[in-house]
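What follows is a short report on a single structure.
Atoms considered below: every heavy atom in the structure, side chains included; atoms not considered: hydrogens, waters and symmetry mates. Values in this document were obtained by computation on a predicted structure and should not be read as measured data.
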There are 2 protein chains.
Amino acid sequence: MAVSGGLRHDLHGRGQRLTPQRQRVLDLFERVGAGHHLSAEDVHLQLLRADARVSLATVYRTLRLLASMALLRELELPEGSRRFELASAEQHDHHHLVCAACGRTEEFDSAQVLQAGADAAAKHGFRLLSSRLTVRGLCGACAAAV
Amino acid sequence: MAVSGGLRHDLHGRGQRLTPQRQRVLDLFERVGAGHHLSAEDVHLQLLRADARVSLATVYRTLRLLASMALLRELELPEGSRRFELASAEQHDHHHLVCAACGRTEEFDSAQVLQAGADAAAKHGFRLLSSRLTVRGLCGACAAAV
DNA sequence: TTCGATGCAAACACTTTGCATTGGC
DNA sequence: GCCAATGCAAAGTGTTTGCATCGAA
């Protein structure tokens with residue numbers, strides 16, 4: 001498939017190799033889709049479940065590698081939960097609404113936010129890479145329960 | 001002082017006590033100001049430097065306590081750096097510009113972002129608590145170095 | 001055949017917890 | 001005096017690394 005071919009090419013460009021393990025990790029992210037957030041542990045378990053033996057150490061190494069290649073992107077969510085998601089080219093920044101009580105998360109887009117981020121970057125002499133808004137709140141169910 | 005008096009009162013309301021350690025941790029955050037982000041280790045070192053012996057375990061316990069009381073707020077920054085800042089009432093949401101290369105951070109405000117967050121919350125039936133935009137980019141110096 | 005990648009286990013950094021003791025109220 | 005809070009050290013997390021072996025190119 002296209003992406004994996006690109007992966008092989010990109011790796012070779014860095015003197016690195018395309019291994020079944022790397023393939024499987026990236027495949028998994030493609031299978032679950034761009035909006036999904038997976039932790040290292042999630043990736044490891046899902047691969048085991050699919051009978052693809054990959055060590056946890058390799059999962060960590062591969063996540064770091066793919067993120068450094070900008071194929072994955074690390075999320076910026078609260079409190080020690082490192083998660084990654086597919087950073088496909090056609091996908092634009094999306095933002096998160098997180099329920100402070102139950103942890104439920106929703107995603108949304110906003111051109112306004114993008115613009116505000118670009119303005120701030122320009123003002124401080126930064127070259128914009130990405131912007132993420134995290135809105136904390138109480139979801140309907142939790143707000144009702146309080 | 002006003003804040004500590006409030007602290008004592010809030011703690012009593014929960015059947016908890018105002019100890020010198022808790023006082024010192026909150027004082028430290030007030031001394032450095034609302035815009036500063038401190039890790040548990042930072043707090044511990046600064047207190048030691050000020051001759052205030054507080055164990056690291058207590059620092060962690062206190063940060064969690066003060067955050068649960070909404071006196072401190074935990075930041076949502078990338079990659080395993082848990083940091084806290086003072087959540088004073090008069091302070092409005094502020095956002096972060098983080099250099100992906102050197103980690104330098106700048107802060108900024110944006111009414112636009114606040115509005116976008118409020119819109120998104122309303123649309124998904126959330127009650128808004130706070131919104132934080134994290135913009136990743138390359139600061140001037142790092143962009144020039146690439 | 002070569003040298004990068006893997007698996008395993010040990011090492012790490014950060015955070016939490018059990019327990020005896022201290023001290024706020 | 002009671003019971004919450006502290007300090008210490010031990011136990012957990014999640015993540016990284018050293019090293020022998022494996023395998024992509």
Side-chain angles (χ1 to χ4, degrees), chain A residues 4-28 37-48 50-69 71-72 74-84, chain B residues 4-28 37-48 51-69 71-72 74-84 103:
Chain A
S4 301
L7 177 56
R8 164 171 275 120
H9 180 265
D10 290 349
L11 286 168
H12 286 186
R14 307 165 141 230
Q16 294 171 321
R17 297 169 184 173
L18 179 58
T19 63
Q21 289 86 341
R22 289 172 179 181
Q23 180 90 255
R24 282 180 205 135
V25 171
L26 186 54
D27 280 355
L28 173 60
H37 319 143
L38 305 179
S39 66
E41 190 61 35
D42 292 338
V43 171
H44 189 221
L45 285 176
Q46 300 233 25
L47 290 179
L48 288 184
D51 266 329
R53 294 159 291 91
V54 179
S55 74
L56 187 54
T58 294
V59 170
Y60 276 107
R61 284 187 277 234
T62 302
L63 290 175
R64 203 164 7 137
L65 176 71
L66 295 176
S68 79
M69 297 172 68
L71 290 172
L72 296 183
E74 186 170 351
L75 296 190
E76 293 163 9
L77 292 176
E79 159 119 22
S81 61
R82 274 178 87 179
R83 286 169 178 280
F84 294 81
Chain B
S4 301
L7 177 56
R8 165 171 272 123
H9 181 264
D10 290 349
L11 286 168
H12 286 187
R14 306 164 142 230
Q16 293 171 322
R17 297 166 186 177
L18 178 59
T19 63
Q21 289 87 341
R22 289 172 179 180
Q23 179 90 252
R24 282 178 203 137
V25 171
L26 186 55
D27 280 354
L28 173 60
H37 319 144
L38 304 179
S39 68
E41 192 60 36
D42 291 338
V43 171
H44 189 220
L45 285 177
Q46 300 233 26
L47 290 180
L48 288 185
D51 266 329
R53 294 158 293 91
V54 179
S55 75
L56 187 54
T58 294
V59 169
Y60 276 107
R61 283 187 277 232
T62 303
L63 290 176
R64 201 162 10 134
L65 176 72
L66 295 177
S68 80
M69 296 170 69
L71 291 172
L72 296 183
E74 187 171 350
L75 295 190
E76 293 163 9
L77 293 176
E79 160 119 19
S81 62
R82 275 178 86 179
R83 287 171 176 279
F84 294 81

Q: Kindly give the heavy-atom pair with the smallest separation between B:Gln46 and B:Leu28, and that separation in Å.
A: CB-CD2, 3.9 Å

Q: Write down the atom of B:Leu11, the atom of B:Arg17, and the distance for their closest heavy-atom approach.
A: CD1-O, 3.4 Å

Using whole Å, what does the distance between atom [atom2] of nucleotide [N] and atom [atom1] of [X] come to?
| X | N | atom1 | atom2 | value |
| --- | --- | --- | --- | --- |
| A:His44 | D:dT13 | NE2 | C1' | 16 Å |
| B:Leu45 | C:dC14 | CG | P | 11 Å |
| A:Leu65 | D:dT15 | CG | P | 17 Å |
| A:Arg82 | C:dA13 | CZ | P | 15 Å |
| A:Leu11 | C:dC3 | CG | C1' | 15 Å |
| B:Leu47 | D:dT6 | CG | C1' | 14 Å |
| A:Leu63 | C:dA5 | CG | P | 15 Å |
| A:Gln23 | C:dA5 | CD | C1' | 15 Å |

Can you tell me how far [atom2] of [Y] sits from [atom1] of [X], rounded to the nearest 0.5 angstrom?
| X | Y | atom1 | atom2 | answer |
| --- | --- | --- | --- | --- |
| A:Met69 | A:Gln16 | CE | CD | 7.0 Å |
| B:Leu26 | B:Gln21 | CG | CD | 13.5 Å |
| A:Arg82 | A:Leu38 | CZ | CG | 14.0 Å |

Side-chain donor-acceptor pairs of residues 61-68 of chain A under 3.5 Å, sequence neighbours excluded:
{"unit_1": "A:Thr62", "atom_1": "OG1", "unit_2": "A:Thr58", "atom_2": "O", "d": "2.7"}
{"unit_1": "A:Ser68", "atom_1": "OG", "unit_2": "A:Arg14", "atom_2": "NH2", "d": "3.4"}
{"unit_1": "A:Ser68", "atom_1": "OG", "unit_2": "A:Leu65", "atom_2": "O", "d": "2.7"}

Q: Under the side-chain contact (heavy atoms from CB on, under 4.5 Å) rule, what do B:His37 and B:Asp42 come out as? Steps first, then yes or no, please.
A: CA-CA 9 Å; B:His37 319 144; B:Asp42 291 338; over 6 Å; no

Q.
What contact category does A:Arg22 fall into here, base, sugar-phosphate, or nothing, at under 4.0 angstrom with non-hydrogen atoms?
A. sugar-phosphate

Q: With side-chain contact (heavy atoms from CB on, under 4.5 Å) as the test, would you mind laying out the steps for A:Leu56 and A:Glu41 before giving the verdict?
A: CA-CA 8 Å; A:Leu56 187 54; A:Glu41 190 61 35; 4.0 Å; yes

Q) Quick one: side-chain contact (heavy atoms from CB on, under 4.5 Å) partners of A:Ala52, sequence neighbours excluded? A) A:Arg24, A:Leu47

Q: Give me the residues of residues 51-60 of chain B where at least one heavy atom lies under 4.0 Å from an atom of DNA chain D, by number, or none.
A: B:Arg53, B:Val54, B:Ser55, B:Ala57, B:Thr58

Q.
Determine whether a donor-acceptor pair (one donor, one acceptor, N or O, separation below 3.5 Å) exists between the side chain of A:Arg14 and the base of C:dG4.
A. no

Q. OP1 or OP2 of D:dG7 sitting under 4.0 Å from any side-chain N/O of B:Gln21?
A. yes

All N/O contacts under 3.5 Å from nucleotides 20-24 of chain D to the protein, with atom names and distances to one decimal?
{"unit_1": "D:dG23", "atom_1": "N2", "unit_2": "A:Arg17", "atom_2": "NH1", "d": "2.5"}
{"unit_1": "D:dA24", "atom_1": "O3'", "unit_2": "A:Leu18", "atom_2": "O", "d": "3.4"}

Q: Between B:Gln16 and A:Arg64, name the one whose nearest nucleotide on DNA chain D is closer to the 5' end.
A: B:Gln16

Q.
If you assign B:Gly15 and B:Arg61 each to the DNA chain D nucleotide with the nearest heavy atom, which residue ends up on the more 5' nucleotide?
A. B:Gly15

Q: With axes from five pairs an end, tell me the bend angle of the helix from C:dT1-D:dA25 to C:dC14-D:dG12, nearest 10°.
A: 30°

Q: Ignoring hydrogens and angles, tell me if any N or O in the side chain of A:His44 forms a donor-acceptor pair with the backbone of A:Ser55 under 3.5 Å.
A: no

